[in-house]
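Here's the structure we're looking at; comments come further down.
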Amino acid sequence: MDFSWTDEQTAFRERLQGIIARALPADWGEKSRYDTSSAYMSEFSRTFCPMLASEGLLIPHWPVELGGGGMDPFHHWILGEEMFYVGDPRSYQYMNVNWVGPAIIQYGTDAQRREHIGRIASGTTIWCQGFSEPSAGSDLAALSTRAERRGDGYVLNGSKIWTSGASLADYCFLLARTGGPGTHGISVFLLPTKMPGIEIRVVPSFMGQYSFHEVFLTDVQVPAEMRLGEENKGWTIVRSVLHNERIGQPRYMLSMRVLEHAMGLLVARGEDTELARARAVQAQAGLEAARYLALGVIDRRAKKLPVDTSTNIARYALVTADRLVADFLCDFLHDDVTADIDPLISVGFRRTGSTGLAAGSAEIQLNLISKHHLQLPAVA
Ligand SMILES: Cc1cc2nc3c(=O)[nH]c(=O)nc-3n(C[C@H](O)[C@H](O)[C@H](O)COP(=O)(O)OP(=O)(O)OC[C@H]3O[C@@H](n4cnc5c(N)ncnc54)[C@H](O)[C@@H]3O)c2cc1C
């Protein structure tokens, strides 16, 4: 694997940086507070993403015939790195680009592609992810939201939790049970969020303005055309989505920026002790390692190699590094973290602290590495 960027990739990154610098207001940090889930960021994304699309920079890695640039996965990764460095002005549209669109392209009917892909490619629609339930987080296959067959369609009943951006979203990528227990009875639905029987409630949290929601589904009637892929075969789609999601956000970019900013504050205050410096370097080394492991996954994608545990390993490395950053902030900038005034310190603490839960918990990554990579026997 060659880790140096080509001239063309470097030029692509510089072009992106220029466009981002021109598009973001001077007081971006104050206005957005780097909160992907804020009403401000979401509204901003509705003009920012169409602008990116018009520049050919929203979905550079998608096929040309679907409005993409036909570029390789490294361009997608560079895009993610530059976006994440500034808190991701695409807001939740990053999910469209990373995994919603690819899932619809791979598993959708022609009609579903016609309906959704154009909108995603033009940056005019927001999706949320309806996976987790009160009793089905890590054990996602235990989900109990039901989709009962009725005539030409389904009737949905159940509830979802922790749904990021649900009240801002136009559509929900929803999992529901259409068959028996376990992974074999699950189907995916492409559900408009504004339908009779859907109630969305914000769950207040320090994570961000619209970071968490509960979504209640009561006798929601949907046509069968809203089902993505075959009935009861949704787990295959889930696996592909989780792979794209786990290595989708280069979260280390913002963490590196936060760390640099935090050290800058300590230096300015004369509080950059030997211990603080050593801990910052330890965290920085962890972030660099996480970056290279993520790039290894992207390299596999570029070579069209099958998905393997390198995704889980890279994700776990990111969790480990982000925990070092979170601990560093708590130990050396405790008052800044609790004051919640400096947007970079605040977002840094929130983001790094939650990496081990979002997109599947750290322990689940370890279980997968233990089973599939180390081939250790399962513990009863
Ligand atoms: C910022 C953020 C955004 C999120 N956004 C969304 C979203 O948009 N849509 C969505 O559907 N979900 C979302 N989630 C939910 C997330 O997917 C779940 O929090 C995660 O899957 C864990 O599930 P849980 O919270 O139910 O915890 P649990 O599954 O109850 O786990 C609790 C603890 O037990 C550990 N544990 C559980 N099972 C095992 C096991 N078998 N072996 C070892 N340890 C275990 C876990 O690692 C964890 O530490 C989000 C979460 C966060 C933090």
Side-chain angles (χ1 to χ4, degrees), residues 34-38 41-42 84 87-88 91-96 98-100 103 126-145 158-177 183 186 188-189 191 193 200-217 234 237-239 241-246 248-249 251 254-255 312 315-316 318-320 322-323 326 346-372 376-380:
Y34 308 104
D35 177 6
T36 313
S37 78
S38 69
M41 188 89 96
S42 172
F84 217 67
D88 212 334
S91 182
Y92 287 115
Q93 290 200 51
Y94 79 84
M95 300 201 297
N96 304 359
N98 287 357
W99 60 263
V100 178
I126 295 174
W127 285 74
C128 64
Q129 182 192 59
F131 284 17
S132 304
E133 296 183 4
S135 300
S138 299
D139 188 8
L140 187 56
L143 65 88
S144 61
T145 291
S159 70
K160 297 286 167 182
I161 195 164
W162 312 129
T163 325
S164 301
S167 58
L168 308 165
D170 306 300
Y171 288 92
C172 182
F173 196 97
L174 183 104
L175 303 186
R177 189 162 298 287
T183 54
I186 292 170
V188 176
F189 291 88
L191 186 73
T193 52
I200 297 174
R201 289 188 209 153
V202 176
V203 179
S205 91
F206 85 121
M207 276 304 298
Q209 194 176 7
Y210 294 108
S211 196
F212 294 134
H213 299 78
E214 284 179 289
V215 179
F216 298 94
L217 305 151
I237 303 176
V238 171
R239 286 166 61 113
V241 161
L242 289 179
H243 170 72
N244 284 333
E245 191 190 16
R246 282 174 184 155
Q249 277 186 310
R251 296 168 81 104
L254 192 57
S255 304
N312 310 101
R315 182 73 191 187
Y316 191 73
L318 178 65
V319 170
T320 309
D322 265 358
R323 282 179 178 163
S346 300
V347 75
F349 178 67
R350 287 198 309 267
R351 287 275 188 168
T352 55
S354 68
T355 307
L357 261 184
S361 75
E363 289 73 21
I364 296 307
Q365 307 310 314
L366 288 179
N367 285 351
L368 292 168
I369 294 165
S370 149
K371 186 174 172 194
H372 301 294
L376 296 175
V379 179

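Counting convention: from 1, in listed order, for ligands and their atoms alike. Everything numeric in this text was worked out from a predicted model, so none of it was measured.
- Heavy-atom contacts of M207 reach the following atoms of ligand 1: 1 (C) (cutoff under 4.0 Å).
- A 4.5 Å side-chain heavy-atom check between I126 and S91 finds every atom pair outside the cut-off.
- The side-chain heavy atoms of S354 and M207, taken from C-beta on, include a pair separated by under 4.5 Å.
- The nearest heavy-atom contact from the protein to atom 52 (C) of ligand 1 is F212 CE2, 3.6 Å.
- For atom 39 (C) of ligand 1, the closest non-hydrogen atom of the protein is I364 CD1, 3.8 Å.
- Within the 3.5 Å criterion, the main-chain N or O of A359 finds a donor-acceptor partner in the side chain of R246.
- You'll find the side chain of R315 reaches within 4.5 Å of the side chain of T355, heavy atoms only.
- Under the 30°/60° scheme for interplanar angles, the aromatic rings of Y171 and W127 are found to lie parallel.
- The nearest protein atom to atom 48 (C) of ligand 1, hydrogens excluded, is given as E363 OE1, 4.1 Å; this is a heavy-atom distance.
- Regarding atom 9 (N) of ligand 1, its nearest protein heavy-atom neighbour is Q129 O, 2.8 Å.
- Two residues are said to be in side-chain contact when any heavy atoms from C-beta on lie closer than 4.5 Å; S164 and Y92 meet this criterion.
- Listed by number with element, the atoms of ligand 1 under 4.0 angstrom from any heavy atom of S361 are 46 (C), 47 (O).
- Rounding to the nearest 0.5 angstrom, the gap separating the OH atom in Y316 from the CD1 atom in I369 is 8.0 Å.
- The shortest N or O to N or O distance between A136 and ligand 1 is not under 3.5 Å.
- Neither side chain, D88 nor T36, offers a donor N or O lying under 3.5 Å from an acceptor on the other.
- Protein heavy atoms are found less than 4.0 angstrom from atom 16 (C) of ligand 1.
- Residues L175 and V188 meet the side-chain proximity criterion, which asks for heavy atoms closer than 4.5 Å.
- W99 places a side-chain heavy atom less than 4.5 Å from the side chain of Q129.
- Of the protein's heavy atoms, W162 O, 3.2 Å lies nearest to atom 7 (C) of ligand 1.
- Counting only heavy atoms, the protein never gets under 4.0 Å from atom 33 (C) of ligand 1.
- Between A166, S132, S138, it is S132 that holds the heavy atom closest to atom 10 (C) of ligand 1.
- For atom 24 (P) of ligand 1, the closest non-hydrogen atom of the protein is G137 CA, 4.0 Å.
- Among protein heavy atoms, the minimum distance from atom 42 (N) of ligand 1 is reached at N367 ND2, 3.0 Å.
- Atoms of ligand 1 lying under 4.0 Å from at least one heavy atom of F131, given by number and element, are 11 (O).
- Among the atoms of S354, none of the N or O lies under 3.5 angstrom from an N or O of ligand 1.
- Close approach of ligand 1 to L357 is summarised as follows: ligand atoms under 4.0 Å from at least one heavy atom of the residue are 16 (C), 20 (C), 22 (C), 53 (C).
- Looking at ligand 1, you'll find an N or O of S164 within less than 3.5 Å of one of its N or O atoms.
- Looking at I186 and L140, their side chains never come closer than 4.5 Å, going by heavy atoms from C-beta outward.
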